[in-house]
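Accompanying notes for the structure given below.
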Amino acid sequence: MSTLSKKVIGLTGNIASGKSAVTSYLIKLGYLVIDTDKITQDIYENDSFFKEQMQLLFSESIIKNSRIDKKAVAKIVFNDPIKMQQLNMLIHPLIKEKTIAVINDNDGLIFVDAPLLFEAGFADIVEQTIVVVASEKVRLSRIKERDKLSDEEAMNRIKSQMSQEEKIKKSQFIIYNDTSFEELYHQVDDILNKILSI
């Protein structure tokens, strides 16, 4: 355990902002990063209560080979705001509970990597927040290339989240990720120095 008193920092950013590059760098530096996407994946694969509730919410059409088909769920929720809201109300409390458990088991400087940190109501479990941002043009290109989506599908995913401008207003630190990895790491180092000096 670190001698540093526990400090929990939220790390967020909209889809394809390049937040994963920041988390990889933080892990390389030796910091604990709680990945809420991995927690979500674990819930999808192993939580029987969640599976039962999902079947009630979406019907058997989302079950493939006895498992929840995330692509089938995504196709539904990104085209139906009501279903998206119902899914979030079901899964966000489960993710939050598991995240808090990991925080309680660790000391030192801890980062909570949560794309929907504000939307999911996770802001109350972190002391400060870093938001990673990139231009819409850059994000659109990254999503299409990464997920093999059409312009419309990619834009639907961008629009499904709180705007970057709103997240900037709610955050203490901003990382601009439109340029090089070198510049990105420089910004992370600068923010770490500020956090550790507080």
Side-chain angles (χ1 to χ4, degrees), residues 1-2 4 6-45 70 74 88 91-92 94-136 138-143 145-147 154 157-158 160-164 166-168 170-198:
M1 291 290 187
S2 168
L4 176 73
K6 187 179 301 192
K7 186 175 283 190
V8 184
I9 305 295
L11 178 64
T12 193
N14 283 3
I15 187 167
S17 61
K19 184 171 51 58
S20 59
V22 177
T23 59
S24 296
Y25 184 57
L26 289 169
I27 291 167
K28 187 179 175 183
L29 292 175
Y31 292 106
L32 171 63
V33 179
I34 302 171
D35 186 340
T36 59
D37 279 345
K38 285 185 179 175
I39 290 174
T40 303
Q41 185 67 28
D42 180 62
I43 291 169
Y44 266 86
E45 292 177 359
K70 288 186 78 175
N88 289 342
I91 198 166
H92 287 166
L94 299 174
I95 301 168
K96 190 172 184 179
E97 181 184 332
K98 290 177 183 291
T99 300
I100 291 170
V102 180
I103 290 170
N104 289 340
D105 282 344
N106 289 275
D107 283 323
L109 185 55
I110 301 167
F111 293 89
V112 176
D113 175 357
L116 302 179
L117 186 127
F118 298 115
E119 297 95 323
F122 285 20
D124 62 347
I125 65 172
V126 302
E127 295 167 52
Q128 294 174 304
T129 302
I130 302 168
V131 62
V132 184
V133 300
S135 71
E136 186 175 284
V138 167
R139 288 186 295 132
L140 196 59
S141 173
R142 286 173 181 166
I143 298 168
E145 186 177 333
R146 184 189 69 192
D147 299 334
R157 299 203 175 190
I158 286 175
S160 73
Q161 297 180 316
M162 181 186 292
S163 73
Q164 290 193 137
E166 195 62 32
K167 289 187 177 182
I168 287 170
K170 294 173 178 285
S171 301
Q172 286 71 45
F173 303 103
I174 308 161
I175 292 175
Y176 295 94
N177 189 20
D178 281 313
T179 55
S180 65
F181 281 119
E182 186 181 8
E183 174 56 28
L184 179 71
Y185 299 154
H186 175 74
Q187 291 180 74
V188 176
D189 289 340
D190 187 48
I191 288 170
L192 283 171
N193 287 334
K194 288 175 182 173
I195 289 170
L196 293 168
S197 67
I198 296 171

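- In this structure the side chain of S171 never reaches within 4.5 angstrom of the side chain of I168, judged on heavy atoms.
- Considering CG of D42 and OG1 of T36, their distance stands at 12.5 Å, rounded to 0.5 Å.
- Under the 3.5 Å distance criterion, the side-chain polar atoms of D178 are matched with a main-chain donor or acceptor of S135.
- In summary, of the residues considered (L109, N106, V112), a side-chain contact (heavy atoms from CB on, under 4.5 Å) with L32 occurs for N106 alone.
- The closest side-chain heavy-atom distance from I34 to I110 is below 4.5 Å.
- Under a 3.5 Å cut-off, the side chain of N14 and the backbone N or O of S163 do not form any donor-acceptor pair.
- Residue E145 places its CD atom among 12 or fewer non-hydrogen atoms of other residues, nucleotides or ligands, all under 6.0 Å distant.
- Looking only at side-chain heavy atoms (C-beta outward), H92 and L116 come within less than 4.5 Å of each other.
- Residue pairs satisfying the ring pair (Phe, Tyr, Trp, His ring centres under 6.0 Å) criterion with at least one member in residues 110-135, sequence neighbours excluded, are listed as follows: Y31-F111.
- Note: I9 CD1 to I191 CD1 = 10.0 Å, rounded to the nearest 0.5 Å.
- Inter-residue side-chain proximity for L184 and V22 is flagged as met; some heavy-atom pair is nearer than 4.5 Å.
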Test I130 against Q187 for side chain to side chain contact (heavy atoms under 4.5 Å, CB included), laying out the working first. CA-CA 11 Å; I130 302 168; Q187 291 180 74; over 6 Å; no
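- Contact between A134 and R139 at its shortest, heavy atoms only, is O-NE, 3.2 Å.
- By the 4.0 Å N-to-carboxylate-O rule, E119 lies close enough to K167 to be salt-bridged with it.
- Closest of all the heavy-atom pairs between I143 and A154 is CG2-CB, 3.8 Å.
- No more than 12 heavy atoms of other residues, nucleotides or ligands sit less than 6.0 Å from atom CD of E136.
- The two residues I125 and V8 make their nearest non-hydrogen contact at O-CG1, 3.5 Å.
- Residue N177 comes nearest to S17 through the heavy atom pair ND2-O, 3.0 Å, listed as atom of the first residue, atom of the second, then distance.
- With rounding to the nearest 0.5 angstrom, the OH atom of Y25 is 3.5 Å from the CG atom of D189.
- Summarising the geometry, atom CD1 belonging to I195 is positioned 10.0 Å from atom CG belonging to D190; distances are rounded to the nearest 0.5 Å.
- Atoms CG and NZ, from L117 and K96 in turn, are 9.5 Å apart once rounded to the nearest 0.5 Å.
- Across all their heavy atoms, V133 and Q164 have their closest contact at CA-OE1, 3.4 Å.
- Judged by a 6.0 Å distance limit and a 45° cone about the ring axis, K70 is positioned over the six-membered ring of Y44.
- Two residues are said to be in side-chain contact when any heavy atoms from C-beta on lie closer than 4.5 Å; K194 and Q172 fail this criterion.
- Side-chain N/O atoms of Q128 and K7 include no donor and acceptor closer than 3.5 Å.
- For residues 13-38, the set of pairs meeting the salt bridge (charged side-chain N to carboxylate O under 4.0 Å, His left out) definition, not counting sequence neighbours, comprises K19-D113.
- Residues T12 and K170 have side chains not in contact (no heavy-atom distance under 4.5 Å, counting atoms from C-beta outward).
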